[in-house]
Amino acid sequence: MVTMTSSLSIAFLSQGRLFVTQGGTKPRLIESKFAQEIIDRESRQRQRDGWKAKSAGWNVRADGGMLGMMGAGLDEEGSRRIHITAVARCPSSNELLYALDTETVGGLFRYTFDKDDERRLVHHHEFRIYDMARHEKDDVIACCMRHSDGSASIATVPAEGGKLRQITEGDSVDESPSWVTGGGQRLVFQSAGIGRTQYGSVWGLSQYRIEMLDMDSGRLDTLLDDEAYDLLLPRMTSDETLYFVRRPYYPGGKPPMNPLRRAGELLMYPVRLMQTLGAYFNFKSMIYRGKPLTTATGTPREGPDLRHLMLWGRFIDVKKAERELAKQKTGGLVPKDWQLVKRTADGQEEVIATSVLAYDLTPGGEVVYTNGAAIFHRDAAGKVNKLCEDHLIERVVALG
């Protein structure tokens with residue numbers, strides 16, 4: 001990691017882990033004591049049940065379930081993966097909120113910096129939230145809750161803990177809620193309609209548009225919609241200036257393939273078919289013989305093979321992006337046509353940054369954004385400084 005001098009305090013998520021840099025300090029990992037307790041408990045459970053796995057040729061999960069494929073769903077230590085799914089600032093710059101998912105339970109926590117103290121606000125099996133934002137005055141959090149049918153809704157939860165209350169519904173993906181600053185309870189969020197097959201499975205998404213929900217009146221309005229673009233991560237200030245990320249919309253989530261590449265894909269089809277069949281028979285061998293069909297050579301792979309990243313319905317080829325980044329020494333994990341746009345109340349638009357994966361506004365109205373490989377600060381005068389670098393930065397929050 002590289003950190004530059006800054007007076008800002010920034011929190012960011014990288015591969016499900018939470019980091020904080022305060023006043024230009026080196027980013028430090030915020031480790032959840034609750035998560036560590038789960039890891040320790042599951043480790044003891046594995047030790048007790050380990051003989052079952054060896055005698056039957058299976059891997060045993062910490063919850064007693066069995067996995068047909070060695071290591072599937074587990075990290076390199078065999079522990080259940082634990083992810084920080086959302087982070088939000090608090091009224092006090094000495095605190096932040098984060099949500100955590102352990103695949104069996106979820107939780108909402110408040111962390112206090114000067115005491116290094118984690119307070120559990122919510123913890124139960126049905127609690128999984130994403131894209132969290134706390135109201136600047138009222139004790140309420142807006143968040144995204146995802147459903148098993150592929151849809152997602154906006155919900156609220158009391159900032160001190162309580163039950164989730166779903167406030168949007170329909171066959172759509174509603175994400176990234178943000179409170180409009182300046183009083184009242186108005187939310188802006190991104191929304192895309194779901195296209196389904198005749199069997200009910202998700203085929204694709206429409207372009208993302210920006211919606212506003214006035215919770216005081218119950219009124220829902222579409223603020224901005226463009227058939228050619230996805231409009232993402234809306235933020236609105238008290239003077240009704242709207243910030244958002246704009247990227248080209250591709251039905252199916254991938255840009256159209258050029259003829260030469262399409263021909264190459266057709267030539268690779270038999271190879272990929274054989275790879276799929278090989279994986280299938282290897283899986284069967286694991287079930288019935290307790291041994292893989294083939295023995296892998298080289299160093300065993302540990303952890304997930306992260307080749308693609310799904311960002312709001314779009315597949316990002318991480319390996320390809322990292323190769324380009326290493327070659328050019330500039331850019332990020334997303335292309336330049338992911339633009340951060342500032343739109344004034346009278347409709348005037350300005351592109352203020354490119355290759356923007358995520359961003360946030362500071363309490364003073366300045367911009368902090370990431371391209372997935374580094375975090376930048378754009379001050380009121382338009383000057384841009386790099387704050388820090390890391391691998392696969394997914395979200396960024398300006399704490400103060």
Side-chain angles (χ1 to χ4, degrees), residues 130-131 133 142 144 146 150-154 167-181 186-196 202-214 219-258 309-317 321 331-361 367 369-372 378 394-396:
Y130 307 84
D131 306 336
C144 167
R146 297 173 185 169
S151 65
S153 304
I154 304 301
I167 59 174
T168 68
E169 58 184 14
D171 202 18
S172 61
V173 178
D174 300 338
E175 300 171 301
S176 303
S178 176
W179 298 101
V180 179
T181 59
R186 292 185 298 165
L187 282 168
V188 289
F189 60 93
Q190 66 191 43
S191 180
I194 297 177
R196 296 188 183 274
V202 176
W203 174 83
L205 300 178
S206 72
Q207 72 276 11
Y208 278 95
R209 61 191 180 273
I210 297 175
E211 306 273 14
M212 175 185 281
L213 173 63
D214 188 328
R219 179 173 175 175
L220 178 66
D221 294 304
T222 299
L223 286 185
L224 207 56
D225 191 6
D226 191 321
E227 293 184 355
Y229 293 95
D230 286 319
L231 309 178
L232 309 167
L233 296 171
R235 306 282 188 271
M236 179 175 278
T237 60
S238 57
D239 63 356
E240 297 190 352
T241 297
L242 181 65
Y243 292 80
F244 58 93
V245 172
R246 179 173 62 199
R247 71 179 185 189
Y249 168 66
Y250 301 129
K254 290 185 178 181
M257 194 178 296
N258 62 57
L309 187 65
M310 174 67 86
L311 292 172
W312 304 296
R314 178 79 59 84
F315 282 105
I316 302 298
D317 190 327
L333 296 184
V334 295
K336 291 184 178 180
D337 57 11
W338 289 47
Q339 301 174 331
L340 177 56
V341 179
K342 176 182 178 181
R343 179 185 175 93
T344 59
D346 61 1
Q348 298 296 313
E349 291 187 355
E350 175 190 3
V351 175
I352 60 177
T354 59
S355 297
V356 178
L357 187 154
Y359 76 99
D360 195 20
L361 302 180
V367 177
Y369 66 92
T370 180
N371 59 13
R378 185 181 189 273
E394 305 156 16
R395 298 287 190 275
V396 59

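Every value quoted in this text rests on a predicted model; they were computed, and no experiment measured them.
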Would you check if [X] and [Y] make a side-chain contact, meaning some heavy-atom pair closer than 4.5 Å?
X	Y	result
Tyr359	Arg378	no
Met212	Val180	yes
Leu361	Thr181	no
Tyr249	Asp226	no

Nearest atoms (heavy-atom pairs only) where [X] meets [Y]:
X	Y	value
Gly313	Tyr208	N-OH, 4.4 Å
Ser172	Ser151	O-CB, 3.3 Å
Pro234	Ser178	O-CB, 3.4 Å
Pro177	Ala133	O-CB, 3.6 Å
Glu227	Gln207	CA-NE2, 3.7 Å
Val396	Tyr369	CG1-CA, 4.4 Å

Problem set entry | Pair Asp174-Ser191, side-chain donor/acceptor within less than 3.5 Å |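 The answer is yes; a qualifying pair exists.
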For this session: Return yes if a side-chain donor-acceptor contact under 3.5 Å exists between Glu211 and Thr222, otherwise no.
Result: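 Looking only at side-chain atoms, Thr222 and Glu211 do form a donor-acceptor pair, the distance falling under 3.5 Å.
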Problem set entry | Expected output: side-chain Tyr130 to main-chain Glu175 donor-acceptor under 3.5 Å |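 No.
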Problem set entry | Backbone N/O of Ile154 and side chain of Thr168: donor-acceptor pair under 3.5 Å |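 It does hold such a pair.
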To the nearest 0.5 angstrom, please state how far the [atom1] atom of [X] sits from the [atom2] atom of [Y].
X	Y	atom1	atom2	answer
Gln339	Tyr229	CD	OH	7.0 Å
Asp230	Ile210	CG	CD1	10.5 Å
Met236	Arg343	CE	CZ	9.5 Å
Ile194	Asp171	CD1	CG	4.5 Å
Thr370	Leu333	OG1	CG	7.5 Å
Ile352	Leu340	CD1	CG	4.0 Å

Problem set entry | Ring-face cation of Arg235 near Tyr243 (centre distance under 6.0 Å, axis angle within 45°) |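 No, cation not above the ring by the 6.0 Å, 45° rule.
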Exercise. With Phe244, which of Leu232, Val356, Leu233, Leu224 fulfils side chain to side chain contact (heavy atoms under 4.5 Å, CB included)?
Worked result: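 Checked Leu232, Val356, Leu233, Leu224 against Phe244; only one passes side chain to side chain contact (heavy atoms under 4.5 Å, CB included): Leu224.
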For this session: Considering only NZ, NE, NH1 and NH2 on the basic side and carboxylate oxygens on the acidic side, decide whether Asp131 and Arg395 come within less than 4.0 Å.
Result: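 Judged by the 4.0 Å cut-off on N to carboxylate O distance, Asp131 and Arg395 do form a salt bridge.
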Problem set entry | Greater than 12 external heavy atoms within 6.0 Å of Glu349's CD |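 Counting other residues, nucleotides and ligands, CD of Glu349 exceeds 12 neighbours.
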